[in-house]
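The following block contains the structure, expressed as structure tokens.
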Amino acid sequence: MTALLGRNRKAIDMSWIQDRKVISGVCDKGGVGKTTLISSLGAALAAAGFTVLIIDANKQGNVSQDLGIPQAVDEAGEPVFINEIPVFGDYGAGLARSIVNGEPLAPIAVPGRDNLYLCTGGPEFTRVKRTLASVGENQAPTLLAVSLRPVVDQFDYVLIDSPPEDEEMMKLVLASSRWVICPTKTDSSSILGLTTVSATYKVIREEYNPYVELLGSFIFGTLMQDDGKPLQERLDMHQQIMGDEGVACPHGVPFVERVAISIRDYGRPVTELEEKAIAERWPTQEINSITRVARAWLKVINFFRYELDCRVVGHRPGAVDRIELEIDENDNVIAITPVYAAHLIEAGEAESA
């Protein structure tokens with residue numbers, strides 16, 4: 001395992017992450033859309049031609065469900081459950097061994113999806129929690145970063161889904177991230193969750209990973225206006241909590257229970273579920289609900305994708321959905337134009353920057 005740089009330094013050398021697109025979805029509150037964000041973003045990027053690794057750092061392993069990974073079966077061919085919870089892949093054992101024992105990460109190719117790879121989560125991931133407690137605060141938050149470093153160059157994007165309400169696991173994920181997105185709701189506990197992330201992120205940046213940046217937050221599920229956008233007062237509150245560190249996304253995502261159930265039942269992110277529903281002529285009302293949710297997610301995904309592109313080229317346009325770059329013959333950026341218009345991700349767009 002990579003040695004720490006000096007007895008009195010908590011941080012390992014994280015300079016390798018400066019120009020890597022390692023993005024995590026983090027919030028101290030559960031049920032705010034972290035897993036849906038990571039699954040949907042990963043599937044969209046992979047479909048656009050980017051090579052994507054998703055790390056499911058959660059004992060529930062819900063990313064596997066969202067992406068259609070078959071449930072694990074026992075020797076008799078029966079589906080496996082642990083504490084009545086379905087488990088997928090290797091139950092998170094491979095990811096846990098990498099973090100705990102230093103074994104190489106060995107992601108699986110997601111069936112039926114070109115360019116998309118996954119380190120599955122699951123109940124075996126609880127071993128990591130015990131290890132974090134045993135190795136001490138100097139080393140614990142760096143363990144995932146150490147595992148990620150040897151494989152990161154194989155992927156255009158690495159996306160990390162984090163568990164809720166677990167400060168030590170949050171530190172582990174933040175210390176392994178270059179960029180952080182924080183989904184949240186508008187209730188007081190969710191606002192507290194955003195506050196906790198903001199404070200913890202600053203500690204991680206100071207003591208472990210000086211390159212981590214907060215891309216911003218978005219509102220999931222509650223208090224939308226008639227036009228589908230979050231209430232301005234809540235956006236202002238988010239911006240106040242983050243200060244200059246991140247941007248409050250002007251787009252919100254509604255929560256529709258039937259759509260959420262269908263995503264996991266069919267193993268398809270919501271944008272793909274829309275295609276399935278239309279092709280199979282589902283009831284009009286159900287298609288309309290799926291379309292509304294899918295369009296909202298696309299706006300959020302594209303907002304952060306282009307906010308990221310703006311950061312990469314050293315420009316902060318604020319609340320825009322994308323940027324247009326003018327490149328000279330030497331591949332230098334000579335003009336940056338913010339454009340407020342959500343659209344589908346296209347492979348390679350703005351990558352020349």
Side-chain angles (χ1 to χ4, degrees), residues 1-3 12-26 35 37-58 61 63-64 66-69 88-90 92-122 124-125 128 141-162 172-181 209 211-213 215 269 301 304-305 308-309 311-312 331 345-353:
M1 188 171 287
T2 302
I12 61 172
D13 179 12
M14 290 295 295
S15 59
W16 58 269
I17 207 170
Q18 288 183 74
D19 58 353
R20 305 311 197 280
K21 292 180 178 177
V22 182
I23 306 170
S24 60
V26 179
T35 300
L37 168 69
I38 295 300
S39 300
S40 300
L41 178 58
L45 289 168
F50 298 101
T51 305
V52 181
L53 170 64
I54 296 179
I55 296 177
D56 187 358
N58 195 327
V63 172
S64 295
D66 285 3
L67 297 177
I69 301 294
F88 302 85
D90 65 355
L95 180 57
R97 286 196 301 269
S98 180
I99 296 173
V100 173
N101 302 329
E103 296 183 15
L105 280 177
I108 63 170
V110 177
R113 296 179 183 276
D114 295 338
N115 311 314
L116 186 57
Y117 299 84
L118 173 66
C119 290
T120 58
E124 284 290 321
F125 201 67
V128 175
T142 69
L143 296 182
L144 178 56
V146 170
S147 296
L148 180 59
R149 175 65 187 97
V151 303
V152 69
D153 288 336
Q154 301 174 30
F155 305 95
D156 298 313
Y157 289 84
V158 176
L159 311 179
I160 308 175
D161 185 29
S162 66
L172 182 78
V173 171
L174 289 173
S176 308
S177 303
R178 178 66 176 90
W179 309 99
V180 181
I181 300 173
N209 177 5
Y211 304 102
V212 63
E213 291 188 39
L215 270 182
I301 287 172
F304 284 114
R305 169 72 201 289
L308 174 57
D309 285 338
R311 301 280 190 102
V312 167
D331 289 332
I345 296 172
E346 298 178 5
E349 196 168 53
E351 291 300 307
S352 58

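Throughout, numbering of the chain's residues begins at 1 and tracks the sequence. Not measured: the values here are computed from a predicted model.
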### Query
Can you find a pair of side-chain heavy atoms, one from Y211 and one from V22, that are under 4.5 Å apart?
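With C-beta onward as the side chain, the pair stays apart.
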### Query
Atom CG in L143, atom OG in S98: separation rounded to 0.5 Å?
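Between L143 CG and S98 OG, I get 9.5 Å after rounding to 0.5 Å.
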### Message
If you compare all heavy atoms of R311 against all heavy atoms of L215, which two are closest, and at what distance to 0.1 Å?
### Response
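Closest approach of R311 to L215: NH2-O, 3.2 Å.
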### Query
Of the non-hydrogen atoms in I54 and S39, which two are nearest, and what is the gap between them?
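That would be CD1-CA, 4.4 Å.
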Can you give the donor-acceptor pairs under 3.5 Å from side chains of residues 105-116 to other protein atoms, not counting sequence neighbours?
from, atom 1, to, atom 2, distance (Å)
R113, NH1, E272, OE1, 3.1
R113, NH1, E272, OE2, 2.6
R113, NH2, E272, OE1, 2.8
N115, ND2, A46, O, 3.1

### Query
Less than 4.5 Å apart, any side-chain heavy atom of R178 and any of E213?
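Contact flag for R178/E213 side chains = yes.
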### Message
Can you tell me which residue among V151, V152, V146 is in a side chain to side chain contact (heavy atoms under 4.5 Å, CB included) with R149?
### Response
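Going through the options one by one, the only one that passes is V152.
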### Message
What I want to check is whether the side chains of Y157 and R305 have a donor and an acceptor closer together than 3.5 Å.
### Response
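Yes, side-chain donor-acceptor contact under 3.5 Å.
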### Task
Please examine the side chains of L45 and D156, heavy atoms only from C-beta on, and report whether any two atoms are closer than 4.5 Å.
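No, every pair of side-chain atoms sits at 4.5 Å or beyond.
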### Message
Would the distance check show the side chain of S176 and the main-chain N or O of A145 forming a donor-acceptor pair, the cut-off being under 3.5 Å?
### Response
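Looks like yes, one N/O pair under 3.5 Å.
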### Query
In terms of side-chain geometry, is the basic nitrogen of R20 or D153 positioned less than 4.0 Å from the acidic oxygen of its partner?
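A salt bridge is present here (some side-chain N lies under 4.0 Å from a carboxylate O).
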#### Entry: Heavy-atom pair of closest approach, residues N209 and V212
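Here N209 and V212 meet closest at O-CG1, 3.2 Å.
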### Nearest-0.5 Å distance that lies between atom CG in L159 and atom CD1 in I55
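Between L159 CG and I55 CD1, I get 9.0 Å after rounding to 0.5 Å.
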### Message
Against T120, only a single residue in D90, D56, N58 fulfils side-chain hydrogen bond (donor to acceptor under 3.5 Å, both in side chains); can you say which?
### Response
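Testing each of D90, D56, N58 against T120, the sole residue satisfying side-chain hydrogen bond (donor to acceptor under 3.5 Å, both in side chains) is D90.
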### Query
What distance separates F304 CZ from I23 CD1, expressed to the nearest 0.5 Å?
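F304 atom CZ to I23 atom CD1 measures 10.5 Å (nearest 0.5 Å).
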### Task
Could you tell me which non-hydrogen atom of S64 sits nearest to which non-hydrogen atom of L118, and how far apart they are?
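Taking S64 first and L118 second, the nearest heavy atoms are OG-CD2, 3.7 Å.
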### Query
Say you draw a straight line from CG of L148 to CD1 of I99; how long is it, rounded to the nearest 0.5 Å?
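The distance works out to 10.0 Å.
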### Query
Taking only residues two or more places apart in sequence or in another chain, which ones pass side-chain contact (heavy atoms from CB on, under 4.5 Å) with E103?
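side-chain contact (heavy atoms from CB on, under 4.5 Å) list for E103, sorted by chain: R97, N101.
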### Message
For a 4.5 angstrom cut-off between non-hydrogen side-chain atoms, does K21 reach V52?
### Response
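They are not in contact (no side-chain heavy atoms under 4.5 Å apart), so the answer is no.
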### Message
Test your reading of the model: is there a side-chain donor-acceptor pair from S162 to the backbone of V173, 3.5 Å cut-off?
### Response
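No; zero donor-acceptor contacts below 3.5 Å.
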### Message
Please find the pair of heavy atoms, one from I38 and one from I160, that lie closest to each other, and give the distance.
### Response
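Minimum heavy-atom contact is CD1-O, 3.7 Å.
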